[in-house]
Trainee: 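If you scroll down you'll find the structure; I have some questions about it.
So you know, we letter chains A, B, ... as the sequences are listed, proteins then strands, and number each from 1. Only a predicted model underlies this, so the values are computations on that prediction, with no experimental measurement involved.
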Amino acid sequence: DAGITQSPRYKITETGRQVTLMCHQTWSHSYMFWYRQDLGHGLRLIYYSAAADITDKGEVPDGYVVSRSKTENFPLTLESATRSQTSVYFCASSFGGQNQPQHFGDGTRLSIL
Amino acid sequence: GDSVTQMEGPVTLSEEAFLTINCTYTATGYPSLFWYVQYPGEGLQLLLKATKADDKGSNKGFEATYRKETTSFHLEKGSVQVSDSAVYFCALTASGSARQLTFGSGTQLTVLP
């Protein structure tokens with residue numbers, strides 16, 4: 001089925017570990033985004049990508065790394081996880097026009113102990 | 001920078017009551033405005049959008065009008081149902097932006113039978 005899928009849905013890890021969150025979309029959208037959702041902050045943009053091999057920082061990029069070797073995949077890596085990165089992470093994609101809505105995955109709930 | 005200010009929640013209503021969730025924004029130029037809804041355990045879904053001044057977006061009985069003179073995009077529904085219980089997010093994409101969404105902090109709506 002067409003859509004956007006995130007994996008895993010839930011992840012518990014320890015501080016200092018590396019963890020990668022996966023995002024895959026089947027719409028051939030050019031733009032992909034990573035957001036984190038924290039109580040009282042709504043969603044904040046971490047990184048986005050306009051096309052394969054093109055990525056750029058959002059509002060809160062520190063501590064995160066992204067890559068986009070294929071149009072359909074946009075993994076997010078926490079190279080050395082910290083407790084402040086405990087959050088719900090959402091991936092989204094769109095065709096990229098200003099009026100185009102973004103389509104969201106179901107999220108990954110990440111807990112860092 | 002761009003910002004969205006949303007009515008503080010949570011909001012609790014009885015079934016068939018009238019709903020208003022206030023949203024105001026700050027942005028240069030002519031942003032596009034969106035309302036997204038998030039049901040428990042799910043990602044965000046587009047509820048409605050408006051792309052220019054005086055546009056009215058509508059979907060599933062919800063409406064919002066793009067008011068440039070008051071920089072507002074308030075969400076309304078004439079008669080809420082229990083199934084409308086969710087978190088509602090107001091958001092914008094700024095003209096000339098890299099297409100990322102700027103979100104309000106969200107409003108939790110609970111509708112009681």
Trainee: Does any backbone or side-chain atom of A:Arg9 lie under 4.5 Å from a heavy atom of chain B? Answer side chain, backbone, both or neither.
Mentor: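 Contact with chain B: side chain only.
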Trainee: Under a 4.5 Å side-chain heavy-atom rule over Ile, Leu, Val, Met, Phe, Trp and Tyr, are B:Met7 and B:Phe89 clustered together?
Mentor: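 No: no chain of side-chain contacts under 4.5 Å links B:Met7 to B:Phe89.
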Trainee: I need the contact set between residues 20-50 of chain B and chain A: heavy-atom distance under 4.5 Å, sorted by residue number.
Mentor: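 Heavy-atom contacts from residues 20-50 of chain B to chain A are B:Tyr30, B:Pro31, B:Ser32, B:Phe34, B:Tyr36, B:Gln38, B:Gly41, B:Glu42, B:Gly43, B:Leu44, B:Leu46, B:Lys49.
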Trainee: Pick out which of A:Tyr35, A:Phe33, A:Phe90 makes a ring pair (Phe, Tyr, Trp, His ring centres under 6.0 Å) with B:Phe103.
Mentor: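 Passing option: A:Tyr35.
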Trainee: Below 4.5 Å, heavy-atom pairs only: which of B:Thr102, B:Leu92, B:Thr51, B:Val4 has the largest tally toward chain A?
Mentor: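 Highest number of pairs under 4.5 Å: B:Thr51.
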Trainee: Strictly less than 4.5 Å between heavy atoms, which residues of residues 105-113 of chain B line up against chain A? Please order them by number.
Mentor: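 Near chain A, by residue number: B:Ser105.
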Trainee: To the nearest 0.5 Å, what is the distance between CG on B:Leu101 and OH on A:Tyr48?
Mentor: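 Going from CG on B:Leu101 over to OH on A:Tyr48, the span is 12.5 Å.
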Trainee: Looking at A:Arg109, I'd like to know if its CZ atom is crowded, meaning that more than 12 non-hydrogen atoms belonging to other residues, nucleotides or ligands lie closer than 6.0 Å.
Mentor: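 No - once you tally the heavy atoms of other residues, nucleotides and ligands closer than 6.0 Å, there are 12 at most.
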Trainee: What residues of residues 61-80 of chain B sit under 4.5 Å from chain A when you count only heavy atoms?
Mentor: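 The stretch does not come within 4.5 Å of chain A.
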Trainee: Suppose the criterion is disulfide (SG to SG under 2.5 Å): which pairs have a residue in residues 72-113 of chain A, not counting sequence neighbours?
Mentor: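 Residue pairs passing disulfide (SG to SG under 2.5 Å), neighbours aside: A:Cys23-A:Cys91.
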Trainee: Under a single-linkage definition using a 4.5 Å side-chain heavy-atom cutoff for Ile, Leu, Val, Met, Phe, Trp and Tyr, are A:Val19 and A:Phe74 assigned to the same hydrophobic cluster?
Mentor: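 Linked, A:Val19 and A:Phe74 end up in one cluster.
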Trainee: Relative to chain B, which segment of A:Gln37 carries a heavy atom at a distance below 4.5 Å: side chain, backbone, both, or neither?
Mentor: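 When you check distances to chain B, only side chain atoms of A:Gln37 fall under 4.5 Å.
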Trainee: Looking at A:Asp38, A:Asp56, A:Asp106, A:Leu39, which has the largest count of heavy-atom pairs under 4.5 Å with chain B?
Mentor: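 It is A:Asp106.
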Trainee: Mark yes or no for whether A:Tyr31, through its side chain, and B:Gln100, through its backbone, hold a donor-acceptor pair below 3.5 Å.
Mentor: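 It does not hold such a pair.
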Trainee: For A:Leu45, which atoms come within 4.5 Å of any heavy atom of chain B: side chain, backbone, both, or neither?
Mentor: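 For A:Leu45, side-chain heavy atoms alone lie under 4.5 Å from chain B.
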Trainee: Do A:Phe104 and A:Val88 belong together in a cluster built from hydrophobic side chains that touch within less than 4.5 Å?
Mentor: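 Yes; A:Val88 is reachable from A:Phe104 via cluster members.
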